Amino acid sequence: MLEISGLQVKYGEIHALRDVSLKVRAGSIVAVVGANGAGKSTLMLTIAGLLPPAAGQILYEAKPLPRQAYEVLARGICLVPERRRLYANLTVRENLLMGAFLRRDQKGIRADLERMYKLFPILHERLKQYAGTLSGGEQQMAAIARGLMSRPRLLLLDEPSLGLAPLMVQNVFKTVREIRDQGTTIVLAEQNAFEALAMADDALVLETGRVIVAGSGRDLLNDPLVRKAYLGIKH
Amino acid sequence: MLSYISGIITFSLIYVIAAVGLAIFTGFTGLFSLGHAAFFAIGAYTAGILTYFYDVNFWLALASGGAMSGLVGILIGYPTLKAKLRSDYFAIATLGFGEAVRVLLENLEITQGARGLPGIPAETTLPVAAGVTVIVLWVARNFVHSRYGRAAVAVREDFVAAEMMGINLFQVRLLSLVFSAICGGVAGGLFAHYVSFIQPSMFTSYLSTQLTASVVAGGMGSITGPAVATVIFIAIPEVLRVASMWRLVAYGLLLVAIMVFRPQGLLGFRELSWAGVKRWLTLGKAAGQGRG
Ligand SMILES: Nc1ncnc2c1ncn2[C@@H]1O[C@H](COP(=O)(O)OP(=O)(O)OP(=O)(O)O)[C@@H](O)[C@H]1O
Ligand SMILES: [Mg+2]
């Protein structure tokens, strides 16, 4: 579905991604794991069209991905960014509707709102509340729901577990699986390496902008290097 | 006396048109312009030259002034907005643009340089200004309630998130800029045909600053707020004209007071409406009765 090869991204002099390659199969969950500053967010932003690549190519359904964020969204790729970036001064409902900005099918939008309330019952109770006053977990739910309102075929989730209590993390990951089961392909950037790898079909580990290991989620869970560095398991 | 008052109202309305235009740009996309006097000047000169030298119909000249400003808006907006200049750099770019236009006007043949254009026909009357104001307010209101308006608010609140929602940042910003440029141009055309004499020194960055101050003081994200603020800013110095130098002090104090007590502007991002005014009045009455 998505095929990235030889991707390089720079912030001025800083080389944030070096020669990153990645394949995403339709219907899979792909986990991108790495420590702080490894380049996970950079990768996500680049796919979403918010950062220009310095080299390399991104193919989406066998065609080069457009380089403008709004065109990327129109092709069905939606990013739920790190720290959520909800519209604090808009209500939850208005935020969700913002997610459907490019759509014009009022009926479909209404149906999808209902779908979101089923997926995130918490949000249903808080539709009229300003997004800025939601708890962290609720905000994450709202951000994911807003992303889904664009009906993406590929959803990019950047650290959805950030700042959440363990129970809430379980909750979010459960939802991620549900979303995939409903047919949306997912790329998930995470520091919570264990949970992310356990649920991923494919995964890769980034370290200072390079892919150091890649394979199936299960392989990486058993990889001694990964176990030591990211799962904190010593032999 | 009556003509004096109607004069002040006409004058205020001309600035209201320019300020409402700027409100659509700054108030809804969050980018500050320190060069909007240039659009005002371009409209004033285009319309003024057309009626003065070529005897063009006033309304046609007015429309041409707006169109010319809009065109220049595209020319200046295309490179600056495409480059996604940070908000402060964008403001500096517009400052330079404003000065450049003024210098150009001072040196062109057709504008008669610093001497200016005397004797432009006085076509702008109170009904004319009022009519144009109503049209501009109506268009602005429709813009705000359109998809573009919602997109513009999203851009102002968080432009990165807006891009993620599929909003074409460049398009929304350019459209708002061009709309505000057209409003500025029309206001300039009205101005030229009101005062009958224009010269480049009337369109300095002081005018730009005043327009931006009206938008900020009136409330970013409101249309009626900046309109009300403009009237206050134009009317108060006029009323205080007897106090000569003190009026500028009062003007400054008023601005500081608004920013201290209502940093979100007079109306915040709300609009003035009849329902709102009524509610406010009945509340006042109820409170009065409660006390009495
Ligand atoms: N806007 C920027 N300008 C300059 N350098 C940046 C910028 N954004 C990120 N970087 C640098 O690029 C590198 C990768 O950052 P990135 O945000 O992609 O990491 P990350 O893996 O998402 O980390 P985290 O887990 O902390 O979110 C870091 O060294 C960071 O300092
Ligand atoms: Mg990150």
Side-chain angles (χ1 to χ4, degrees), chain A residues 41 44-52 66-91 93-104 106 109 130-132 139 142-152 154-158, chain B residues 23 26-30 77-87 89 143-176 216 218-223 225 262-271:
Chain A
S41 299
M44 300 298 242
L45 290 169
T46 311
I47 299 175
L50 291 154
L51 284 176
R67 288 319 323 148
Q68 294 291 330
Y70 64 93
E71 295 169 322
V72 173
L73 188 78
R75 300 262 325 255
I77 300 183
C78 181
L79 170 64
V80 177
E82 195 173 44
R83 277 169 236 295
R84 292 118 205 184
R85 297 192 96 126
L86 287 170
Y87 286 109
N89 298 329
L90 297 184
T91 63
R93 195 184 131 87
E94 287 165 339
N95 265 283
L96 295 190
L97 288 175
M98 269 326 289
F101 185 78
L102 284 185
R103 296 172 56 184
R104 306 220 176 212
Q106 293 306 325
I109 292 176
Y130 286 106
Q139 285 190 20
I144 297 176
R146 181 178 69 173
L148 287 172
M149 285 303 291
S150 71
R151 284 232 172 147
L154 175 61
L155 186 67
L156 309 169
L157 293 171
D158 195 353
Chain B
T26 293
F28 284 86
T29 63
Y78 198 91
T80 48
L81 296 175
K82 195 87 194 173
K84 287 196 195 168
L85 289 186
R86 247 174 51 193
S87 152
Y89 292 134
F143 174 86
V144 168
H145 290 289
S146 72
R147 272 168 66 78
Y148 275 110
R150 271 191 295 138
V153 173
V155 167
R156 180 192 62 205
E157 296 281 313
D158 182 342
F159 68 87
V160 179
E163 282 196 282
M164 291 175 203
M165 302 296 102
I167 290 167
N168 184 340
L169 201 61
F170 172 69
Q171 194 187 36
V172 168
R173 283 178 166 168
L174 188 65
L175 195 74
S176 319
V216 175
M220 303 254 293
S222 167
I223 302 172
R262 276 197 74 82
Q264 72 274 47
L266 288 176
L267 292 188
F269 51 83
R270 286 190 305 265
E271 296 296 350

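All of these numbers come straight from a predicted model, not from anything done at the bench. Chain A is the first sequence line, chain B the second, and so forth, proteins listed ahead of strands; every chain is numbered from 1.
In terms of non-hydrogen atom pairs under 4.5 Å with chain A, the most contact-rich of A154(B), A161(B), A162(B) is A154(B).
Every residue two or more places apart in sequence or in another chain that forms a ring pair (Phe, Tyr, Trp, His ring centres under 6.0 Å) with Y78(B) is listed here: F170(B).
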(request) Evaluate the criterion side chain to side chain contact (heavy atoms under 4.5 Å, CB included) for residue pair V80(A) and L156(A); output intermediate values, then yes/no. (result) CA-CA 6 Å; V80(A) 177; L156(A) 309 169; over 6 Å; no
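When all heavy atoms of L86(A) and A142(A) are compared, the closest pair comes out as CD1-CB, 3.9 Å. In terms of heavy-atom proximity, L73(A) sits nearest to C78(A) at CD1-CB, 3.6 Å. Of all heavy-atom pairs spanning P81(A) and M164(B), the tightest one is CG-SD, 3.5 Å. When all heavy atoms of V72(A) and G49(A) are compared, the closest pair comes out as CG2-CA, 4.1 Å.
We find the CG-CZ distance between L175(B) and F28(B) to be 13.5 Å, quoted to the nearest 0.5 Å.
In this structure, the portion of L50(A) lying under 4.5 Å from any heavy atom of chain B is its side chain and not its backbone.
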Can you pull out the donor-acceptor contacts between chain B and chain A, under 3.5 Å, including backbone atoms?
| unit_1 | atom_1 | unit_2 | atom_2 | d |
| --- | --- | --- | --- | --- |
| R147(B) | NH1 | F101(A) | O | 2.8 |
| R147(B) | NH2 | F101(A) | O | 3.2 |
| A154(B) | O | Y87(A) | OH | 3.0 |
| E157(B) | OE1 | N89(A) | ND2 | 2.9 |
| D158(B) | O | Y87(A) | OH | 3.3 |
| D158(B) | OD1 | R85(A) | NE | 3.4 |
| D158(B) | OD1 | R85(A) | NH2 | 3.2 |
| D158(B) | OD2 | R85(A) | NE | 2.9 |
| A162(B) | N | Y87(A) | OH | 3.1 |
| N168(B) | ND2 | Y70(A) | OH | 3.0 |

